[in-house]
Amino acid sequence: MGKTGKPAWAKRILKLLEQAKTKDPDFARFGAYSHKYKVSAPASEETIQEFEEQEGIQLPEEYRNFLMFVGNGGAGPYYGLYGVETEKKELHDSHGTRLYRVREEPVIYPNMSVEEWDRVADQENMPGDGRQKGEEVYPYVGVLPIGSQGCTLMTGIMLEGPYRGQVVYYDEDFCGPPFFVREKGFLAWYERWLREVIAGYSDEEVGFGLNLDGNPEQLMALYEQTEKPEEKIEIIDSYYKFETLPGKQKTYFKKACVRESNMEVRMKLIKMLARFHVPGMAKELEKLWEYGAYAEAVSIITYEGTWEVKEAWYERVFEILPRLQREGFRDACHTISAVKNYPNVHAGRLREALARNDLDRNDRIALFHCIRELNGKEEVLEYFLDYLAKVEDPTLLIYAVWCTEGVKDRQLQELYVRLMEKYRTHENTKFDYKGSQMVLKGGACMGASRPEGQLTSNLMRQFDYFGLDYRGGFRLLMDESRWREWKRQNGFGE
């Protein structure tokens, strides 16, 4: 390689990027529309060295080389990769205060149990409230953020310790343990993403990098080689990235299901085979119900895809809903949404589910999705009036507002205005406001990408952007005098 030339691996990646763009010309893959399979011009070694010196860090070699020889940010999994300049902004707030403690030894590691994670992230063990960035973000020391997956989900790279150079997924709200991708280096992770895009694999159900690498034949070979239930389950779950299941694998796994003695593995097989519409799986429903495997049965009802199955079982899904959590609960919500036009299916039947305190964030989001599809949302209005007034999580508020869209009620509108008043001055809302004023190709503008900005955008939509287009509505909201005048004219205070 000459001084100005690119190494062979960089040329290969750039060629794969072109193939990925050809495979996904409409940018239908999650996050693709934000980067369009383009990378920015490579960073100079001087630029990277200056960044390292300013932050007191040393970038992992593979990631550093990627920035220098492939591109300084742009195309990548989820919403793409940051460049050096974006990383600087992520590491510091507008006043220059450091947000991430990247110079310290990491305290996270692969396969942390929930108990181990809780000990590290427990706010009671932190100064202050322990739930904000800055000097109190202990779990993610030694991690450099390199991309966003949406909302508070992030992609990072380990800077120190035994896992240096490994990509890690984490939640800035500390909602669960981090996930270390299986590839040990940055380039293997990045090239796998390109291979899966080119192969047409889906990342909608699982998310890229969370499952095992390999095609259907390779995964089947892995399954044949193991007797460990946990490994079998991991392999089965990895099949969800495929759009279809080849006939050879359908035959193999249907036979494996019959002879499988571990009930958890067998139920996973039934669900996966139902997902790919393998004949005969619906007959397993009564057997699963008899075993008390309600979550697995509901998954088959959800993914079997025939109206006959849903019609026969949706009332029993309603009955078992109070006993379901996590994936089973979310599948039940999907099934109920699918039969939304039946006369006896309406939002009021989910009043008990709304009152549950044992649902996690994803469960509640699925429930809100379901209610949004149903008739009779007015039947649960009292719940949302209370919920919108007291919940602080902007991501949950996004879905609650989205769920109540179309309900005409003055109290609800007053809550919307109060929420806009609260979040319109948040720094993330201001960031999205700047994006809304940018003119992109074709005259479009950037939509909101941060939770507070997305919430504010959803709230503005409830008032048809105040009679303006999206850009104009955001400008009105950010102009103190115009905002006050709009409130006065519409009876929302001064």
Side-chain angles (χ1 to χ4, degrees), residues 55-58 60 78 90-93 97-184 186 189 206-207 209-212 228-231 233-234 237 264 295 324-330 356-366 391-396 451:
E55 301 302 329
I57 60 175
Q58 185 176 2
Y78 300 98
E90 287 292 318
L91 293 177
H92 304 273
D93 64 16
T97 304
R98 184 181 294 277
L99 297 176
Y100 281 86
R101 294 163 59 178
V102 291
R103 301 175 184 177
E104 299 182 24
E105 284 291 321
V107 295
I108 58 173
Y109 46 87
N111 303 314
M112 294 181 76
S113 68
V114 174
E115 293 74 21
E116 291 166 338
W117 166 252
D118 286 343
R119 283 195 292 273
V120 171
D122 188 353
Q123 62 178 357
E124 294 180 1
N125 294 329
M126 296 182 178
D129 63 14
R131 293 296 183 194
Q132 57 185 324
K133 289 184 182 178
E135 289 302 300
E136 295 167 2
V137 180
Y138 284 95
Y140 305 133
V141 294
V143 180
L144 177 71
I146 62 172
S148 170
Q149 300 181 13
C151 295
T152 58
L153 302 179
M154 300 291 291
T155 301
I157 193 166
M158 304 300 292
L159 294 178
E160 302 292 344
Y163 305 103
R164 173 177 163 78
Q166 198 162 344
V167 173
V168 60
Y169 300 162
Y170 62 96
D171 188 338
E172 289 185 315
D173 277 353
F174 307 159
C175 290
F179 176 81
F180 283 70
V181 303
R182 294 168 179 83
E183 292 75 22
K184 302 304 180 185
F186 172 85
W189 169 78
V206 181
L210 296 171
N211 48 36
L212 292 171
K228 297 179 179 179
E230 62 274 14
E231 291 182 358
I233 289 171
E234 189 174 29
D237 287 343
E264 185 177 1
L324 296 174
Q325 285 182 289
R326 308 298 185 265
E327 191 174 0
F329 181 87
R330 298 192 282 271
R356 287 176 60 174
N357 295 319
D358 60 343
L359 302 181
D360 67 15
R361 175 195 270 185
N362 291 328
D363 294 346
R364 199 158 296 279
I365 288 173
V391 170
E392 297 291 332
D393 184 335
T395 299
L396 286 170

Can you tell me how far the [atom1] atom of [X] sits from the [atom2] atom of [Y], to the nearest 0.5 Å?
X	Y	atom1	atom2	answer
T155	W189	OG1	CH2	5.0 Å
L324	R356	CG	CZ	7.5 Å
D171	T152	CG	OG1	3.5 Å
L144	E160	CG	CD	11.0 Å

I need the minimum non-hydrogen distance between [X] and [Y], along with the two atoms involved.
X	Y	value
A295	G328	CB-CA, 3.8 Å
Y78	G207	OH-C, 3.3 Å
P60	I157	CG-CD1, 4.0 Å
P145	Y170	CB-OH, 3.3 Å
S148	M154	CA-SD, 4.2 Å
G161	P106	N-CD, 4.2 Å

Under 3.5 Å: donor-acceptor pair, side chain of [X], backbone of [Y]:
X	Y	value
R182	N211	yes
D363	D360	yes
Q325	D358	yes
E105	G142	no
R164	L159	yes
D393	T395	yes

What residues, two or more places apart in sequence or in another chain, satisfy side chain to side chain contact (heavy atoms under 4.5 Å, CB included) together with E230?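 K228.
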Any side-chain heavy-atom pair from [X] and [Y] closer than 4.5 angstrom?
X	Y	answer
L212	E234	yes
P110	Y163	yes
C175	R361	yes
Y109	P162	no

Classify the ring geometry of Y169 against F179: parallel below 30°, tilted from 30° to 60°, perpendicular beyond 60°.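 Y169 vs F179 ring planes: tilted.
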Intermediate values then yes/no, side chain to side chain contact (heavy atoms under 4.5 Å, CB included), F180 and I108: CA-CA 9 Å; F180 283 70; I108 58 173; 4.0 Å; yes
Could you list the residues that satisfy ring pair (Phe, Tyr, Trp, His ring centres under 6.0 Å) with F329, not counting sequence neighbours?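 None.
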Count the heavy atoms of every other residue, nucleotide or ligand shown that sit under 6.0 Å from CD of E116, and state whether that count exceeds 12.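 Yes, CD of E116 has more than 12 neighbouring heavy atoms, counting only those of other groups under 6.0 Å.
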